[in-house]
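What follows is a single structure, written as structure tokens, with notes after it.
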Amino acid sequence: MSTNMWKKMDAGLLTMIAKVARNEALSAADEASIADFLKDYAGTSGESGFAGGPSGDVRGSNNLRRTNWFNGRYLTAEALSRQDVYFDTRARLAAHAQMPGIAWGLGLSADGLNSTPIDSEGRFGGLPANRNITLRRGLAFDHIGRPILVSTPFTFSIDQLIGAYRKTPQKVVGGGVDFMPCVCLVNDPAGPTGGGAALPSGPFLLVIQPGETEEGGAKVMGEICGGAASANCRADTWRGGFGLSLVRFPVELPFRQDLQSAWDLRGTLSAYFFDVFEHALWKRWDPDFATHGPFCADTGPGRHDAAAIALAMVYLGEDGSVLFMDQWIPRRTICDTPAEDWHRTRFGAPPRAAAWARIHQFQCMLAESLVMRPSNADNTNLFARGFRHIPPIGFLPVKPGPADEKRPMGIPLFDKLLGNTQGAQWLVSPLVRNALGQAEDYFQGTRVITYGVVALHDDDILEDLNNVFDKDPIQLSLRPPRNNPDAATAVAGAPAPGHYKASLYQAGTVQTTNAVALPGFLGVLANLFDVLGMDELVNRRTEIVKLVVPLQGLTREHPLVGRLQEDALNQAQSWGVNPLLTAANPLGQLGTVNDTAEALAGLVARLGLDMLPRHFVVYVKQRLVLLDLLFYLLEILQFLLNFMREIQSLGKTGSTGNAQSSVSSEQVRVQYLRQPAEKRAMVEAILAEPDVQASIVRAADLSGSGIAVTTRNQAFLDKVQSTESSLANTITDPAERKRVALGQVADSYAAEYPDYQLVQVLAAVQPQHTLAVVNKLSVTRSTEPTRSLGDDLVKDGPAVFEADEARTLYVDLKSGLESRKVADYVKGSDSQLTVKEVLASTPDEAEKLLGAERYAEFRKNYQADRAAAITGAEALAKGVPSELAVKVEAGIQAGTPAETVVEKLKTDTATNSATRPALDQTATLLRITGGQAGFLKLVKRT
């Protein structure tokens, strides 16, 4: 102790030292006195780097160690190395606060990359392996926080990487946390060794890793380095660097008809990497998802191992060439923290970097694909371009061009006016339709159903981008034709004849060759359920996307630079809008139009054309949620419609195999009672709900169904009441009597109005609830369909038939009558309208279409033929002798017209009086149906 310290030490301080020696407790004043004494002689705590206060009551330690420097200490290599390790570790720990990945740059480029033909069928002919590839400068951090810096562009070739791979083959294995596997490398025992074996074809990852190399010679005490080798001489410095490697990605892609070209391989591997390797969708929510441990634990350790950073996926062909190099399949940029990714993946969302990468990968692959095959070529849908899973949002390039008849608006009158007056140059809507049509072509023939909207502000797209960021990918597959379900992959990407429409508006009305297709409103619903059934949607066999056309203003003004030239004249010309041609009169005060936004703005003021579509259309995966009640209703309707179709398929069939076109309520009920009791109980309970009944009414109104006409339902209820009264003496049970009456009336109405087959099904399920629905439909509503000419001609209501055979025969005859032309009923008329089209219009509309005289003639002749059809159906339903039916069939099969066969049989001496009435009725029915002999196959033989 120095003399100065002894001078300052007093008796009190010595007393405290004595207390410490005896392990006695010190008072607060004693502790303050000691601290005041030590502060002048112990040095400044901030300079030492140690904590200035206590570090806790219970203390632990970690593996961070740094050298304690003080005067007189030896300066050794061990001490300095320990200090380097400490600060290096501290820097890496700071990097742990961010995700591993690419901070910026590190892109790859090469001439001729990804130029394999889209329709190539072999796995060869890609970029030669000796072609130079450039790695652009950039920065990345690996999983343990080490920086990977590429300070200048670096050139290499795949050949160089192949040589290294042959010596030490490596492959990627899964690792890290669920949904976030690292690119962990292990030796590949199946790979070539020693440089002798051929390199296997397949997918590889191009990875980058940090490294250091020795540089220079250090001066060592007593020796001179750089001359003869010395055991004590070492490198002077360590130079930071990086290493590139080609490592095997262990996935084998089989040879399949839909997996041939390099683009198919690329799209399939991108789907595998996103949905299987990195973000295992099937593992998202395990059964114990909400109760397992990680939710109660910390945010997890993240990925802190010496994994590599992936730059691209490379597919080597059978000839050693590069079939494709896709940077955005494995590349991950730093965009959030490990804790953020942990939270997201625990709740089933994809990592943020993966979501961004998926969009980049899609846009990059699509852009390169459009270079190889333009969008106006054949088979340009996304599936044919190799895509299998695509991100939930994407940008579809469209080619600007004038509107034409190939992209109709869908409104016949509007389309006609636009075509005759070239009005498309005056309106933006045809151009929007053109853009939507091109976007629909990307999904044509696939199981994706689209509908279009227009974004008045192009920045609205950002809202969609934010809203769908965490949604699952859209699955792409070909939709099989209706007439050949097994032809889904007959020709990859080629929509065969009869394929489903890609538009949501057309999905329900697409034509079908299904032998048991339902008619009218039921047919539309059945088609929709085929395409948009809830099981189809839930199992991702059908996807629904929104197509958004963003609009740009032509004369928008920027507060600093005024009108933007790039949003003006050049954009208008590319869409086929020429201001000079669209001007209605000489330019006058405008003078000569030049390439300025102001000149176009003057024209806009006169033409009203101040907006155009962008050069792309955005697709967005839609949010599909239903009110629980609506879900119950749709599920029950789907069951009932499928059930109705099954009933028809069990009906009587003719020689052609076509299903019976009409069934009775009793037939439906018999089949319904064969369903499981639990399912029947649920169906009846749902139909008993007033809200469900109201929903059926609203659906009927909005669809314009034939069951929604008020007057028809009022007559229906009156007919049920009168029929029920007529059954009082034969059926004593009131409930049973009501059920039978309701079924009979529903049968007769279904024969006249096919949409009432839905009422038949409801009547077979629960009569009381059926009447509740019809009661609601009998009340006048603002959205109901208007009464048609067909209603007006059936003044006494639909015909009631005693035998089911007669009703079935009448349905077929009525269909034949309605398919005839109006000209068949009105002499001198050349109208191409069908009888069905005229009957569907109102009486006033029909009179305007035909004229007063021809309208009256049509009414008279059609009513006569309808009466003949009713009479003939009742007569032939009683049966025709088998020998007579055989003669008619033989004559028709020999090629003789049916009318000629019947007339010849009339004069045949072998024909007796018993068969004469049947022949007369057959001749009449052949006449009123225009010679359509199909009804003969439905006639019962005796």
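If you're wondering where the values come from, they're calculated on a predicted model, not measured in any experiment. The first residue of the sequence shown is numbered 1, and numbering continues consecutively from there.
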Is the backbone of [Y] close enough, under 3.5 Å, to the side chain of [X] for a donor and an acceptor to pair up by distance?
{"X": "Glu818", "Y": "Ser815", "answer": "no"}
{"X": "Ser841", "Y": "Val838", "answer": "yes"}
{"X": "Glu543", "Y": "Gln475", "answer": "yes"}
{"X": "Glu857", "Y": "Lys827", "answer": "yes"}
{"X": "Gln757", "Y": "Pro754", "answer": "no"}
{"X": "Ser819", "Y": "Gly816", "answer": "yes"}
{"X": "Thr770", "Y": "Leu762", "answer": "yes"}
{"X": "Thr723", "Y": "Val720", "answer": "no"}

pair [X]-[Y]: side-chain heavy atoms closer than 4.5 Å:
{"X": "Thr808", "Y": "Val811", "answer": "no"}
{"X": "Tyr672", "Y": "Val670", "answer": "no"}
{"X": "Tyr451", "Y": "Ile544", "answer": "yes"}
{"X": "Leu758", "Y": "Ile707", "answer": "yes"}
{"X": "Arg866", "Y": "Lys814", "answer": "no"}
{"X": "Tyr753", "Y": "Val794", "answer": "yes"}
{"X": "Val697", "Y": "Arg781", "answer": "yes"}
{"X": "Val835", "Y": "Lys821", "answer": "no"}

[X] versus [Y], closest heavy-atom pair with distance:
{"X": "Leu717", "Y": "Ser778", "value": "CD1-OG, 3.7 Å"}
{"X": "Val668", "Y": "Ala764", "value": "CG1-CB, 3.6 Å"}
{"X": "Leu789", "Y": "Pro843", "value": "N-CD, 3.9 Å"}
{"X": "His769", "Y": "Glu684", "value": "CE1-O, 3.5 Å"}
{"X": "Gly706", "Y": "Tyr756", "value": "O-CE1, 3.6 Å"}
{"X": "Glu752", "Y": "Pro798", "value": "CB-CB, 3.8 Å"}

Q | CG/Asn539: more than 12 non-hydrogen atoms of other groups inside 6.0 Å | A | yes
Q: Kindly check if the number of other-residue, nucleotide or ligand heavy atoms within 6.0 Å of CD (Gln768) is above 12?
A: no
Gap separating the [atom1] atom of [X] from the [atom2] atom of [Y], nearest 0.5 angstrom:
{"X": "Glu847", "Y": "Thr842", "atom1": "CD", "atom2": "OG1", "value": "10.0 Å"}
{"X": "Leu833", "Y": "Arg820", "atom1": "CG", "atom2": "CZ", "value": "15.0 Å"}
{"X": "Ser748", "Y": "Tyr810", "atom1": "OG", "atom2": "OH", "value": "10.5 Å"}
{"X": "Leu850", "Y": "Glu845", "atom1": "CG", "atom2": "CD", "value": "11.5 Å"}
{"X": "Leu839", "Y": "Arg859", "atom1": "CG", "atom2": "CZ", "value": "10.5 Å"}
{"X": "Asp747", "Y": "Arg807", "atom1": "CG", "atom2": "CZ", "value": "4.5 Å"}

Q) Mind checking whether Phe858 and Tyr862 have parallel, tilted or perpendicular rings, split at 30° and 60°? A) parallel
**Q.** Aromatic plane relationship, Phe716 with Tyr749 - under 30° parallel, 30 to 60° tilted, over 60° perpendicular
**A.**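 Judged by the thresholds at 30° and 60°, the geometry between Tyr749 and Phe716 is perpendicular.
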Q.
As a quick check of understanding, evaluate side-chain contact (heavy atoms from CB on, under 4.5 Å) for Tyr855 and Asp844, giving each step before the final call.
A. CA-CA 10 Å; Tyr855 171 67; Asp844 291 341; over 6 Å; no
Q: Among Lys719, Lys738, Arg739, find the one that has a side chain to side chain donor-acceptor pair (under 3.5 Å) with Glu724.
A: Lys738
Q) After noting the C-alpha distance and the side-chain angles of Leu742 and Leu771, does the key distance pass the side-chain contact (heavy atoms from CB on, under 4.5 Å) rule? A) CA-CA 8 Å; Leu742 180 60; Leu771 287 175; 3.8 Å; yes
Q. When you check the side-chain N and O atoms of Thr542 and Arg447, is any donor under 3.5 Å from an acceptor?
A. no
Q. Will you find, in the side chains of Ser788 and Asp791, an N or O donor that is under 3.5 Å from an N or O acceptor?
A. yes
Q) What do the steps show when you test Arg680 against Val765 for side-chain contact (heavy atoms from CB on, under 4.5 Å), and what is the final call? A) CA-CA 8 Å; Arg680 287 189 279 114; Val765 172; over 6 Å; no
Q: Using the side-chain contact (heavy atoms from CB on, under 4.5 Å) rule, pick out the option among Leu849, Val822, Val826 that qualifies with Arg854.
A: Val826
